[in-house]
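Values below: all heavy atoms of this structure, side chains included; hydrogens, waters and symmetry mates excluded.
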Amino acid sequence: MDALKRTLGGNDGDDERGLVAQVMDGSSLSWSTRIQGFLICFILGVVLSVLGSILLWLGGDNGLTLFAVFYTLGNVCGLCSTIFLMGPINQIKKMFQETRLIATIVMLVCLVLTLMAAFWWKNKALVLLFCILQFLALAWYSLSYIPFARDAAKKCFTVCIS
């Protein structure tokens, strides 16, 4: 547990205190409770996304709608799991930093558009398109937390295309 605290305890650049100190000041939850909340939320997100993928094939006429709902809820749970580690205010601040702003907006818009395509427009092609865009935006957003990961992804994509 201490190794995880040390790993997450780096400087944020704009504040002299580490991430763990900021998190501990922002909430009354203990570190072990935060880790448990993160794991539960993250695992629930994965289970919902996998269940959505299963329902895509086994759900009959409503399979695509069920997939859209469960996949979107899974992504929301996965995204919210980090709130347990950072706290809600820090999470929102980090989501809307300049380096993540476009990915965050695209991801949130695609979450909403996926559900709109499933329930109001009932357009299966749009549901699949928005789910793919949702995945790509979430992946790009997640890569922004890993140093040089976006650059590596760009180079890998360029090599694959050439």
- Message: Before you tell me yes or no, could you show the steps for Leu79 and Gln91 under side-chain contact (heavy atoms from CB on, under 4.5 Å), namely the whole-Å CA-CA distance, both residues' side-chain angles and the distance that decides it to 0.1 Å?
- Response: CA-CA 10 Å; Leu79 184 63; Gln91 174 76 13; 4.1 Å; yes
- Do Lys122 side-chain atoms and Phe119 backbone N/O form a donor-acceptor pair below 3.5 Å? yes
- Message: Looking at every heavy atom in both Cys110 and Leu133, which two are closest together, and how far apart are they?
- Response: SG-CB, 3.5 Å
- Message: Testing the basics here: between Asn75 and Ser49, what is the closest heavy-atom pair and its distance to 0.1 Å?
- Response: N-OG, 4.0 Å
- Query: Aromatic rings Tyr141 and Tyr145: how do their planes relate, parallel, tilted or perpendicular, breaks at 30° and 60°?
  - Reply: perpendicular
- So does Ile89 have more than 12 non-hydrogen atoms from other groups sitting under 6.0 Å from CD1? no
- Common cluster, Leu66/Leu51, ILVMFWY with side-chain heavy-atom separation under 4.5 Å: yes
- Task: Check the hydrophobic clustering (I, L, V, M, F, W, Y; side-chain heavy atoms under 4.5 Å; chains of links allowed) and say if Phe135 and Leu108 are grouped together.
- Result: no
- According to a 4.5 Å side-chain heavy-atom criterion applied to Ile, Leu, Val, Met, Phe, Trp and Tyr, with indirect links allowed, do Phe130 and Leu73 form part of one hydrophobic cluster? yes
- What distance separates Ile146 CD1 from Asp151 CG, expressed to the nearest 0.5 Å? 12.5 Å
- Message: If you compare all heavy atoms of Cys77 against all heavy atoms of Leu44, which two are closest, and at what distance to 0.1 Å?
- Response: SG-CD2, 3.9 Å
- Query: To the nearest 0.5 Å, how far apart are OG in Ser162 and CZ in Phe157?
  - Reply: 9.5 Å
- Can you measure from CD1 (Ile105) to CE (Met95) and round to the nearest 0.5 angstrom? 10.0 Å
- To the nearest 0.5 Å, what is the distance between CG (Leu56) and CG (Leu128)? 7.0 Å
- Message: For a quick test of reading the model, state the closest non-hydrogen atom pair linking Leu138 to Met107 and the distance between them.
- Response: CD1-SD, 3.1 Å
- CD1 on Ile40 to OG on Ser81, rounded to 0.5 Å: 11.5 Å
- Query: Of the non-hydrogen atoms in Trp140 and Ala153, which two are nearest, and what is the gap between them?
  - Reply: CZ3-CB, 4.3 Å
- Determine, using the 4.5 Å side-chain heavy-atom cutoff (strictly less than), whether Val69 and Met116 are members of one ILVMFWY cluster. yes
- Message: Nearest 0.5 angstrom please: Leu115 CG to Gln134 CD, how far?
- Response: 7.5 Å
- Is Ile92 reachable from Ile102 through a run of I, L, V, M, F, W or Y residues, each pair having side-chain heavy atoms under 4.5 Å apart? no
- Has the side chain of Thr104 got a donor or acceptor atom that lies under 3.5 Å from a matching backbone atom of Phe96? no
- Whether Arg34 side chain and Phe84 backbone form a donor-acceptor pair below 3.5 Å: yes
- Query: How far apart are the C-alpha atoms of Phe67 and Leu64, what are their side-chain angles, what is the distance that settles it, and do they pass the side-chain contact (heavy atoms from CB on, under 4.5 Å) test?
  - Reply: CA-CA 5 Å; Phe67 166 71; Leu64 198 59; 4.2 Å; yes
- Note on the structure: Given the options Val50, Ile43, Leu48, Val46 meets side-chain contact (heavy atoms from CB on, under 4.5 Å) only with Val50
- Message: How close do Thr114 and Val127 get, counting heavy atoms only, and between which atoms?
- Response: O-CG2, 4.2 Å
- Task: For the pair Tyr71 and Leu55, evaluate side-chain contact (heavy atoms from CB on, under 4.5 Å) and give the outcome as yes or no after the intermediate values.
- Result: CA-CA 10 Å; Tyr71 186 77; Leu55 290 172; over 6 Å; no
- Evaluate whether atom CZ of Phe38 has more than 12 neighbouring non-hydrogen atoms of other residues, nucleotides or ligands under 6.0 angstrom away. yes
